[in-house]
Visitor: 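Got a structure for you, written out below as structure tokens; questions coming shortly.
If you're wondering where the values come from, they're calculated on a predicted model, not measured in any experiment. For reference, positions follow the sequence shown, starting with 1.
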Amino acid sequence: MRLYNTLTRELEEVRPVAEGHVTMYTCGPTVYRYAHLGNLRTFMLGDLIRRGLEFEGYRVTQIMNITDVGHMTDEASPGALDKMQLAVEDEGLSPLEIAEKYARAVFDDAEAVGIRPADRYPKATEHVPEMIELTQTLINRGHAYVVDSGSVYFDVASFDGYGSLSGNTLDNLREGHRDLEADPAKRSSADFALWKSAGPGRLMKWDSPWGVGFPGWHVECSAMSMKYLGDRFDIHTGGSDLRFPHHEDEIAQSEGAVGHQVVSIWVHGGHLRQSGQKISKSTGNTIRVPELIDHGVDPLAFRWLTFQTRYRSEMDFTWDAMDAADAKVKQLRRRMNEWAPRADQIGEPAKDYDARFREAVAADLDMPAAVVVVNEVVGTGELSEGEKYSLLASWDAVLGLDLEREATRAWAPSDEMTAKIAQRDAARSAKDYAESDRLRDELASMGVEVMDTPEGTKVRPRD
Ligand code: AMP
Ligand code: ZN
């Protein structure tokens with residue numbers, strides 16, 4: 001598999017540090033608000049990389065952090081409020097309860113859109129000692145300094161290559177720099193906090209060698225990624241907004257601490273927008289998984305929708321496109337049911353389609369191209385039904401659309417349905433069409449599709 005590496009701005013072959021075993025870190029959710037479809041599009045990217053690599057035969061270990069330390073509403077202003085604290089005040093729950101509530105919700109939402117669980121979900125609050133240790137190492141190595149208030153800052157000028165991920169070089173930063181963290185004690189306005197002293201009223205705080213405080217946002221991902229994946233790992237993912245400052249600062253921290261490159265490939269996903277507006281937790285313009293369900297679409301169809309756009313591009317969410325994706329996925333499942341069972345073996349034309357699908361996935365997750373291959377297979381007269389079934393069933397390891405759902409559903413009508421079917425067939429033989437229609441409606445209201453066949457009434461589950 002080749003992936004676009006934000007750091008080198010090139011497509012690069014995934015070559016894991018350990019033969020056959022890829023290690024990946026995905027920046028996870030902040031858990032003081034619900035996750036929206038944009039967040040899920042980005043989490044789906046990490047899962048899709050993993051599915052694609054496993055499809056190629058790799059073993060993949062994926063770590064996703066949970067950001068349960070509160071960070072600032074606006075790092076630029078001195079009056080900034082801790083977002084976790086705001087949620088605590090709004091909801092009357094403790095920080096731990098808030099984090100648990102929203103972490104559970106994001107796990108449910110992720111499962112609903114077919115994101116498979118990561119191997120581990122380390123929480124920031126459970127790794128403060130590791131963050132303190134990393135901060136101490138950076139002080140010892142001359143990359144960080146303590147100021148009188150008890151805050152610790154990373155000295156950006158001490159790290160060659162700061163800005164190489166985002167293109168925000170120090171000169172750039174100086175010119176158009178918006179003060180990221182206003183503290184007159186900082187040596188340079190571009191320096192960022194590794195540790196902040198706790199002001200009055202701060203809820204989440206810990207003891208440290210520099211006094212009571214709390215970690216900066218970026219340091220959790222350096223500490224936890226290296227703790228669980230070692231100081232050289234293969235892939236790091238996140239949304240495009242995380243390139244700067246979050247990932248730029250993570251590189252400076254991790255590499256500053258160990259003295260060599262840590263992450264091989266940085267992958268960033270484009271944002272999801274709703275009618276041209278960025279969906280974000282702070283603007284409140286968000287769509288969530290439960291709204292998809294209320295709307296009557298299968299949340300897995302959101303996957304098909306996202307496959308229409310390359311992961312690096314921004315993408316617009318519209319309900320029309322969502323409905324179309326839902327219809328398409330349901331149609332694919334129906335066709336699979338018609339095509340079953342799987343072919344014992346597949347011929348040369350089917351192998352060609354398979355090679356094209358695999359190549360699309362391997363080419364930096366070109367899912368729009370993979371979708372074209374799926375559509376061609378559905379429409380072609382070149383393949384047997386069994387071959388079509390075999391191909392789509394195997395590709396579903398990447399697509400994650402539960403395409404075999406109908407075909408493999410062992411379904412039988414309930415006793416009540418069976419009784420009504422018998423009554424309806426009797427009414428039909430007696431040419432009592434009013435009664436037969438009434439029974440048809442009753443059956444339909446039980447969630448089944450009613451079909452008239454030469455053998456009498458048959459029912460099957462409706463989507
Ligand atoms: P957060 O919970 O806000 O820390 O975000 C979790 C992930 O979602 C991060 O990787 C963000 O970059 C990503 N993200 C935030 N907003 C969007 C969006 N509108 N579209 C796609 N990804 C997003
Ligand atoms: Zn992160």
Visitor: Quick one: CG on L3 to CG on L11, what's the gap to the nearest 0.5 Å?
Guide: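 That separation rounds to 8.0 Å.
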Visitor: Over all heavy atoms of both residues, which pair between T237 and M24 is shortest? Give the atoms and the distance, please.
Guide: CG2-SD, 3.9 Å
Visitor: Is the Lys NZ or Arg CZ of R358 less than 6.0 Å from the centre of F55's six-membered ring, within 45° of the axis?
Guide: yes
Visitor: Hey, does P349 have a side-chain heavy atom less than 4.5 Å from the side chain of L383?
Guide: yes
Visitor: Considering non-hydrogen atoms only, spot the tightest contact between A87 and R33 and give its length.
Guide: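 Residues A87 and R33, closest heavy atoms: CB-NH1, 3.6 Å.
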Visitor: Going by atom types only, do H143 and Y153 share a side-chain donor-acceptor pair under 3.5 Å?
Guide: no
Visitor: Let's go through T306 and M44 carefully: what are the C-alpha distance in whole Å and the side-chain angles of both, what is the deciding distance for side-chain contact (heavy atoms from CB on, under 4.5 Å) to 0.1 Å, and is it a yes or a no?
Guide: CA-CA 9 Å; T306 67; M44 217 181 273; 3.8 Å; yes
Visitor: Would you confirm whether K186, through its side chain, and S189, through its main-chain N or O, come within 3.5 Å as a donor-acceptor pair?
Guide: yes
Visitor: I'd like to know if the side chain of N5 and the backbone of S264 have a donor-acceptor N/O pair within less than 3.5 Å.
Guide: yes
Visitor: Heavy-atom count around D148 CG within 6.0 Å, excluding the residue itself: above 12?
Guide: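 At most 12 heavy atoms, drawn from other residues, nucleotides or ligands, come within 6.0 Å of this atom.
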Visitor: Below 4.0 angstrom, N of the basic side chain to O of the carboxylate: do D155 and R187 qualify?
Guide: yes
Visitor: Would you give the length of the straight line joining atom CG of L37 to atom OG1 of T286, rounded to the nearest 0.5 angstrom?
Guide: 8.5 Å
Visitor: Let's go through F192 and H218 carefully: what are the C-alpha distance in whole Å and the side-chain angles of both, what is the deciding distance for ring-ring contact (aromatic ring centres under 6.0 Å, His included) to 0.1 Å, and is it a yes or a no?
Guide: CA-CA 9 Å; F192 58 91; H218 320 300; 5.7 Å; yes
Visitor: Closest approach of P117 and R50, non-hydrogen atoms and distance?
Guide: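 Heavy atoms only, the tightest pair is O-NH1, 2.8 Å.
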Visitor: Flag the pair K351 and E348 as a salt bridge only when some basic side-chain nitrogen lies within less than 4.0 angstrom of an acidic carboxylate oxygen.
Guide: yes
Visitor: Any donor-acceptor pair under 3.5 Å linking the side-chain atoms of T30 with those of T67?
Guide: no
Visitor: With a 3.5 Å cut-off and no angle check, do the side chains of D323 and H295 form a donor-acceptor pair?
Guide: yes
Visitor: Give the C-alpha distance, both sets of side-chain angles, the deciding distance and a yes or no for side-chain hydrogen bond (donor to acceptor under 3.5 Å, both in side chains) between T61 and H21.
Guide: CA-CA 8 Å; T61 297; H21 180 190; 2.6 Å; yes
Visitor: Under a 4.0 Å N-O cut-off, is there an ion pair linking E359 with R2?
Guide: yes
Visitor: Is the gap between the ring centers of F317 and H36 under 6.0 Å?
Guide: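 Ring centroids of F317 and H36 are no less than 6.0 Å from each other.
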Visitor: Any sub-3.5 Å donor-acceptor pair from D68's side-chain atoms to K123's backbone N or O?
Guide: no
Visitor: Counting N and O atoms only, with roles assigned by atom type, does the side chain of R51 sit under 3.5 Å from a partner on the main chain of L399, one being a donor and the other an acceptor?
Guide: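 The answer is no, because no donor-acceptor pair under 3.5 Å joins these two groups.
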Visitor: Taking the six-membered ring of F214 (Phe, Tyr or Trp), confirm whether the NZ or CZ of R202 is under 6.0 Å from its centre and within 45° of its axis.
Guide: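 Positive - R202 is close enough to the ring of F214 and near enough to its axis.
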Visitor: Tell me the side chain to side chain donor-acceptor pair (under 3.5 Å) pairs involving residues 103-114, sequence neighbours left out?
Guide: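 Pairs touching residues 103-114 that pass the test: none.
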Visitor: Return the set of residues passing side chain to side chain donor-acceptor pair (under 3.5 Å) with W304 (not counting sequence neighbours), or none when no residue passes.
Guide: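 Expected list: none.
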Visitor: My understanding is that only residues two or more places apart in sequence, or in another chain, count here; which of them pass side chain to side chain donor-acceptor pair (under 3.5 Å) with H268?
Guide: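 H268: side chain to side chain donor-acceptor pair (under 3.5 Å) contacts with T6, H247.
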Visitor: Side chains of D47 and T26: closer than 4.5 Å at any heavy-atom pair?
Guide: no
Visitor: Would you name the heavy atoms of M224 and P122 that are closest together and state the gap between them?
Guide: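 Here M224 and P122 meet closest at SD-CB, 3.6 Å.
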Visitor: Starting from the C-alpha separation in whole Å, work towards a yes-or-no answer on salt bridge (charged side-chain N to carboxylate O under 4.0 Å, His left out) for K330 and D326.
Guide: CA-CA 6 Å; K330 286 172 177 164; D326 184 59; 2.9 Å; yes
Visitor: Other residues, nucleotides and ligands only: do more than 12 of their heavy atoms fall within 6.0 Å of CD on Q345?
Guide: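 Open.
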Visitor: Could you go through the salt bridge (charged side-chain N to carboxylate O under 4.0 Å, His left out) check for R405 and D298 one step at a time?
Guide: CA-CA 12 Å; R405 182 184 292 179; D298 181 337; 3.3 Å; yes
Visitor: Can you confirm whether L203 sits close enough to V88 that some side-chain heavy atom of one is under 4.5 Å from a side-chain heavy atom of the other?
Guide: yes
Visitor: For R141, does the CZ atom have more than 12 heavy-atom neighbours from other residues, nucleotides or ligands under 6.0 Å away?
Guide: yes
Visitor: Assess whether side-chain contact (heavy atoms from CB on, under 4.5 Å) is satisfied between E54 and R116, documenting all intermediate values.
Guide: CA-CA 12 Å; E54 288 178 354; R116 294 172 318 160; 3.0 Å; yes
Visitor: Could you tell me if the ring centre of Y34 sits under 6.0 Å from that of Y102?
Guide: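 When the ring centroids of Y34 and Y102 are compared, they turn out to be within the sub-6.0 Å range.
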Visitor: Is the F107 to Y121 ring centre distance short of 6.0 Å?
Guide: yes
Visitor: Please check if the side chain of E56 supplies one atom and the backbone of L53 the other of a donor-acceptor pair under 3.5 Å.
Guide: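 No.
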Visitor: With respect to K227, which candidate in E220, E130, E133 satisfies the salt bridge (Lys or Arg N to Asp or Glu O under 4.0 Å) definition?
Guide: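 By the salt bridge (Lys or Arg N to Asp or Glu O under 4.0 Å) criterion, K227 pairs with just one of E220, E130, E133: E130.
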Visitor: Looking at L96, is its backbone amide N or carbonyl O close enough to the side chain of K101 to form a donor-acceptor pair, meaning the two atoms are under 3.5 Å apart?
Guide: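 Such a contact is absent between K101 side chain and L96 backbone.
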Visitor: Do the side-chain N and O atoms of N168 and S166 include a donor-acceptor pair separated by under 3.5 angstrom?
Guide: yes
Visitor: State whether a side-chain donor-acceptor pair under 3.5 Å links Q85 with Y32.
Guide: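 Distance-only check fails for Q85 and Y32.
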Visitor: If you draw a 6.0 Å radius around CZ in R15, do more than 12 non-hydrogen atoms from other residues or ligands fall strictly inside?
Guide: no
Visitor: Please give me the minimum heavy-atom distance between I265 and Y4, naming the atom from each residue.
Guide: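 Result for this residue pair: CG2-O, 4.4 Å.
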Visitor: On a heavy-atom basis, which atom in S208 and which in W195 lie closest, and how many Å separate them?
Guide: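 Looking at all heavy atoms of both residues, the shortest contact is OG-NE1, 3.3 Å.
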Visitor: Is the backbone of T309 close enough, under 3.5 Å, to the side chain of S313 for a donor and an acceptor to pair up by distance?
Guide: no
Visitor: Please check this pair: side chain of S254 against backbone of E250, looking for a donor-acceptor N/O pair closer than 3.5 Å.
Guide: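 Judged by distance alone, yes, a pair lies under 3.5 Å.
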Visitor: Could you check V378 against R335 for side-chain contact (heavy atoms from CB on, under 4.5 Å), going step by step and ending with a plain yes or no?
Guide: CA-CA 8 Å; V378 172; R335 300 306 302 272; 4.1 Å; yes
Visitor: Does any part of the side chain of Y25, heavy atoms only, come nearer than 4.5 Å to the side chain of V262, both counted from C-beta?
Guide: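 No, every pair of side-chain atoms sits at 4.5 Å or beyond.
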Visitor: Ignoring hydrogens and angles, state whether a donor on the side chain of Y311 or D364 is under 3.5 Å from an acceptor on the partner side chain.
Guide: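 Present: a donor and an acceptor within the cut-off.
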Visitor: Check the pair D249, Y162 against side-chain contact (heavy atoms from CB on, under 4.5 Å), reporting the backbone distance first and the verdict last.
Guide: CA-CA 8 Å; D249 292 352; Y162 186 80; 2.4 Å; yes
Visitor: Working to the nearest 0.5 angstrom, can you tell me the gap between W217 CH2 and C27 SG?
Guide: 7.5 Å
Visitor: Within the distance-only criterion (no hydrogens, no angle test), does the side chain of R303 pair as donor or acceptor with the backbone N or O of V113 below 3.5 angstrom?
Guide: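 The answer is yes, because a donor-acceptor pair under 3.5 Å joins these two groups.
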Visitor: Can you check whether I63 reaches F233 side chain to side chain, under 4.5 Å on heavy atoms?
Guide: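 Side chain of I63 against side chain of F233, heavy atoms only: no contact under 4.5 Å found.
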Visitor: Would you find a donor on one side and an acceptor on the other, under 3.5 Å apart, between the side chain of T125 and the backbone of V69?
Guide: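 Between the backbone of V69 and the side chain of T125 there is no qualifying donor-acceptor contact (under 3.5 Å).
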Visitor: If you apply the rule salt bridge (charged side-chain N to carboxylate O under 4.0 Å, His left out), what do you find for E314 with R41, and how did you get there?
Guide: CA-CA 11 Å; E314 293 205 331; R41 180 187 185 206; over 6 Å; no
